[in-house]
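I have placed the structure first, in the form of structure tokens, so that the comments after it can refer back to it.
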Amino acid sequence: MAMPAPLVRDSDQVYAVPSFRILLQVEKPMGDPAMKALTASLLDLFLDGLNLEGMYFGRAGGRYRRLSATPVTDKVIARARAWAAEAEWEWPSTLRFTRWFEEFDLGGPPSLRLEQRARLSTIQIELPPDSPLTTRFADRVLELVAELPVVWGVMGFGMFQPVALDSLIWMLPRATSRYRCAIEVQPNAIDSELRRTATVTELRLKIEPVVSIPDIGWRTLIGDEFLPRLPDLDRLSGRAGITLSRGDGFTVIEAGPAPIWGDAALGEDIAPYRAVAGVLQPCRTSLPRACDALFGGSVNDNGEARIRQWYERFDESG
């Protein structure tokens, strides 16, 4: 399976790497008992199933105001589990296991980020894209969140950019010019789409912002609040390669039996993704919003053309 090379700036600084990505936004605080139970289960899944060599643990929230890196040991894992269970998870709070910390040395996935944000709770899991565990891991995560109010989520191949490199988000999207199914949105930007705050342009033009979904993936999770704007959603279940299933308050749309990169050079068939994108169009973020909000603005390095290409990659002409 061909996959993108790491994205590199100034010849040697890697700022994003290929990953199997799981991004979920949940309308429930991380301190809620149901979310604490989810956190415990996700920690079990992540820490007991993956290679933790070279990993670091970080936390922030409560009296731990500054995020700092601690090499992972059995004692650190026990401390992480205890903190996750006991923390009040007020905003801002975060728990992370990652190979990267505070120096420009990006080791890549696996990575786990659980975060209490101002409006939504964030779950971000990044796995090595060539791992045989990816779909099994994704299935288990779906089981764990089935009864939670998931507003939006995606699972599939894409480009992972660590939180500490958010200042380089303007260099995305890059991979989708060839790898059309790559998920390149990042959690710190998508929050404003799902619990909408107005962009500078909208404020100037006095446009009322409308809640929208930032992207689709191999699996796309759509909260029930979007269903009134999606009259054709059920028709997807009759399309070749597409399956629909239900959580307690959301719909899961699966575009094909396994994730793909959508490699244009290899002629990978992205018809199921195109069908999903077409049906979800009434709820997808607009191109102006994508240019303003999703990738840090479009003024740098011909960004508008790049974002337009990303936005239109599932069109028949894309």
Side-chain angles (χ1 to χ4, degrees), residues 22-29 32 34-35 38 117-123 138 141-156 181 183 185 187 189-199 201-203 205-256 270-294 307 310-316 318:
I22 299 175
L23 304 177
L24 301 171
Q25 299 285 331
V26 183
E27 188 118 64
K28 191 179 279 287
D32 182 276
M35 291 297 287
L38 172 66
R117 301 184 66 79
R119 300 174 182 86
L120 298 168
S121 293
T122 292
I123 299 167
V141 171
L142 273 186
E143 293 174 0
L144 292 174
V145 301
E147 297 181 5
L148 292 171
V150 177
V151 176
W152 169 86
V154 284
M155 299 180 178
C181 299
I183 301 164
V185 295
I190 61 181
D191 188 55
S192 66
E193 295 302 285
L194 294 166
R195 287 295 170 262
R196 182 61 68 81
T197 55
T199 65
T201 301
E202 288 169 336
L203 288 170
L205 298 177
K206 298 182 179 180
I207 298 173
E208 185 68 25
V210 178
V211 174
S212 61
I213 61 174
D215 204 3
I216 72 168
W218 165 56
R219 283 178 176 163
T220 307
L221 285 66
I222 303 293
D224 285 354
E225 68 181 86
F226 293 105
L227 295 185
R229 294 154 58 190
L230 298 172
D232 297 327
L233 184 61
D234 288 341
R235 296 184 185 179
L236 280 175
S237 60
R239 299 290 294 267
I242 298 175
T243 58
L244 270 64
S245 58
R246 287 285 301 168
D248 191 47
F250 60 90
T251 300
V252 182
I253 309 168
E254 186 172 289
I270 64 169
Y273 289 76
R274 283 177 166 157
V276 173
V279 167
L280 295 184
Q281 185 60 41
C283 292
R284 291 171 61 197
T285 191
S286 68
L287 178 60
R289 281 290 308 189
C291 288
D292 261 4
L294 283 185
I307 295 171
W310 166 85
Y311 187 80
E312 296 176 348
R313 71 196 193 276
F314 294 129
D315 294 352
E316 289 299 328

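Throughout, residue positions are numbered sequentially from 1 according to the sequence presented.
For W310, the ring pair (Phe, Tyr, Trp, His ring centres under 6.0 Å) criterion is met by F295, not counting sequence neighbours. By the salt bridge (charged side-chain N to carboxylate O under 4.0 Å, His left out) test, E143 pairs with R140, sequence neighbours left out.
With hydrogens and angles left out, the side-chain atoms of Q25 and S121 include no donor and acceptor closer than 3.5 Å.
Between P272 and G241, the shortest heavy-atom distance links the atoms CB-O, 4.5 Å. Across every non-hydrogen atom of M35 and V26, the tightest pair is SD-CG1, 3.9 Å. Nearest heavy-atom pair, T285 versus A290, reported as atom, atom and distance to 0.1 Å: OG1-N, 4.1 Å. Closest approach of D32 and A34 over heavy atoms only: OD1-N, 2.8 Å. When all heavy atoms of C181 and I270 are compared, the pair lying nearest together is SG-CG2, 3.5 Å. Nearest heavy atoms, A138 versus W218: CB-CZ3, 4.3 Å.
Under the 4.5 Å side-chain criterion, counting only non-hydrogen atoms from C-beta, Q281 is not in contact with L230. Counting only heavy atoms from C-beta outward, the side chains of L23 and M155 never approach each other to under 4.5 Å.
When the shell of 6.0 Å around CZ of R239 is examined, it contains 12 or fewer heavy atoms from other residues, nucleotides or ligands. Around the CD atom of E147, the shell of radius 6.0 Å holds no more than 12 heavy atoms that belong to other residues, nucleotides or ligands.
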*Given side chain to side chain contact (heavy atoms under 4.5 Å, CB included), test L244 with I242 step by step and report yes or no.*
CA-CA 7 Å; L244 270 64; I242 298 175; 4.0 Å; yes
*Test D248 against L148 for side chain to side chain contact (heavy atoms under 4.5 Å, CB included), laying out the working first.*
CA-CA 7 Å; D248 191 47; L148 292 171; over 6 Å; no
*Between L294 and I190, is a side chain to side chain contact (heavy atoms under 4.5 Å, CB included) present by the stated rule, with each step listed?*
CA-CA 6 Å; L294 283 185; I190 61 181; 4.3 Å; yes
_Worked verdict on T251 versus F226 for side chain to side chain contact (heavy atoms under 4.5 Å, CB included)_ = CA-CA 10 Å; T251 300; F226 293 105; over 6 Å; no
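With respect to W152, the side-chain contact (heavy atoms from CB on, under 4.5 Å) criterion is satisfied by exactly one of I216, I213, L120, L221: I213. Among V279, T243, L233, the single residue meeting the side-chain contact (heavy atoms from CB on, under 4.5 Å) criterion with I253 is L233.
Here R289 does not pair with D292 in a salt bridge; the nearest charged N to carboxylate O distance is not below 4.0 Å.
R229 places no side-chain N or O within donor-acceptor distance of the main-chain N or O of L280, the cut-off being under 3.5 Å.
Atoms CG and OG1, on L24 and T122 in that order, are 9.5 Å from each other to the nearest 0.5 Å. Between I222 atom CD1 and C283 atom SG the span is 7.0 Å, to the nearest 0.5 Å. For the atom pair CZ (R284) and OG1 (T220), the distance works out to 10.0 Å, reported to the nearest 0.5 Å.
Each salt bridge (Lys or Arg N to Asp or Glu O under 4.0 Å) pair with one or both residues in residues 212-221, not counting sequence neighbours, appears once here: D139-R219, D215-R313, R219-E254.
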